[in-house]
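What follows is a structure written as structure tokens; I'll ask about it next.
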Amino acid sequence: MQTKTYSIDEYINNFPENVQNILTKIRTIIQEIAPEATEKISYGIPTFYFNGNLVHFAAYKNHVGFYPGASGIEKFQKEISTYKNSKGTVQFPLNEDLPIDLIKKIVAFRINENKIKK
């Protein structure tokens, strides 16, 4: 049973150290690319917000889910095709290296997309 968390720090700290390291790496990547984004827990998972939801991420038994929305998935469909994915999410297996450059590109795309919303 997962307990309700109120911050991304609390969320990350609920997992084993190896998963914490992966989640922290994703968080750091997002912070580097989107320093103006704010952090919150939304839908029970870590969320970065910039003129609307930017991206979400979450840990599961065998993967980390990365949620850039349908547009983020569609734009990078070729690059994410080697990962299990659906309309709004891509799954990065815990036993593989994170695709850091891909995550950076997706976050940058989403920032630009959300800037247009203004």
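Computed from a predicted model, the values in this text were never measured in an experiment. Atom set for the values below is all heavy atoms of this structure, side chains included, hydrogens, waters and symmetry mates excluded.
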- Could you state the interatomic distance from CD (E17) to CD1 (I22), rounded to the nearest 0.5 Å? 11.5 Å
- Query: Quick one: are I41 and Y6 in side-chain contact, heavy atoms under 4.5 Å?
  - Reply: no
- Message: By the side chain to side chain donor-acceptor pair (under 3.5 Å) test, which pairs, at least two apart or in different chains, include something from residues 82-91?
- Response: Q77-N85
- Task: Could you tell me whether the side chain of N114 reaches within less than 4.5 Å of the side chain of L54, counting heavy atoms only?
- Result: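 They are in contact (side-chain heavy atoms under 4.5 Å apart), so the answer is yes.
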- Could you walk me through whether L23 and F15 pass the side chain to side chain contact (heavy atoms under 4.5 Å, CB included) check? CA-CA 9 Å; L23 295 172; F15 292 93; 3.8 Å; yes
- Message: What verdict does the side chain to side chain contact (heavy atoms under 4.5 Å, CB included) test give for L98 and I26, after you've listed the backbone C-alpha separation in whole Å, the side-chain angles of each residue and the deciding distance to 0.1 Å?
- Response: CA-CA 8 Å; L98 276 177; I26 292 172; 3.6 Å; yes
- Query: If every non-hydrogen atom of P46 is compared with every non-hydrogen atom of Y11, which pair is closest and at what distance?
  - Reply: CG-CD2, 3.4 Å
- Message: Using modelled atom types and a 3.5 Å cut-off, is there a donor and acceptor pairing between side-chain atoms of E10 and backbone atoms of S7?
- Response: yes
- Is there side-chain contact between Y43 and N53, with at least one heavy-atom pair below 4.5 Å? yes
- Task: Go through the steps for I12 and I8 under the test side chain to side chain contact (heavy atoms under 4.5 Å, CB included), then give the verdict.
- Result: CA-CA 6 Å; I12 290 172; I8 292 179; 3.7 Å; yes
- Item | For F109, all residues meeting ring pair (Phe, Tyr, Trp, His ring centres under 6.0 Å), sequence neighbours excluded |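 Expected list: F76.
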- Item | Inter-residue atom distance R110.CZ - N51.CG, 0.5 Å rounding | 10.0 Å
- From N95 atom CG to N18 atom CG, the distance as rounded to the nearest 0.5 Å: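 Interatomic distance, N95 CG to N18 CG, rounded to 0.5 Å: 10.5 Å.
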- State whether R27 and D9 are salt-bridged, where the test is any N-O pair (Lys NZ or Arg NE/NH1/NH2 against Asp/Glu carboxylate O) under 4.0 Å. yes
- Message: Would a single hydrophobic cluster contain both Y49 and V107, if residues Ile, Leu, Val, Met, Phe, Trp and Tyr are joined by side-chain heavy-atom contacts under 4.5 Å?
- Response: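 Looking at the clustering, Y49 is in a separate group from V107.
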- Item | Main-chain N/O of I45 paired with T47 side-chain donor or acceptor, under 3.5 Å |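 Judged by distance alone, yes, a pair lies under 3.5 Å.
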- Considering only heavy atoms from C-beta outward, does the side chain of K115 approach that of F50 to under 4.5 Å? yes
- Nearest-0.5 Å distance, CD1 of residue I73 to CD1 of residue I80: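 The distance works out to 4.0 Å.
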- Query: Between K105 and E79, is any pair of side-chain heavy atoms under 4.5 Å apart?
  - Reply: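 Sidechains of E79 and K105: in contact.
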- Message: With rounding to the nearest 0.5 angstrom, report the OG1 to CD1 distance, T28 to I103.
- Response: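 Reported to 0.5 Å precision, the distance equals 11.0 Å.
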- Message: Looking at every non-hydrogen atom in both residues, tell me the closest pair between A34 and I111 and how far apart they are.
- Response: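 Reported closest heavy-atom pair: CB-CD1, 3.4 Å.
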Side-chain donor-acceptor pairs of residues 61-71 under 3.5 Å, sequence neighbours excluded:
from, atom 1, to, atom 2, distance (Å)
Y67, OH, Y60, OH, 2.7
S71, OG, E113, OE1, 2.6
S71, OG, E113, OE2, 2.9

- Query: Do F92 and D97 come within less than 4.5 Å of each other through their side chains, counting heavy atoms only?
  - Reply: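 No, too far: nothing below the 4.5 Å cut-off.
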- Intermediate values then yes/no, side chain to side chain contact (heavy atoms under 4.5 Å, CB included), I29 and K25: CA-CA 6 Å; I29 292 166; K25 188 179 286 188; 4.2 Å; yes
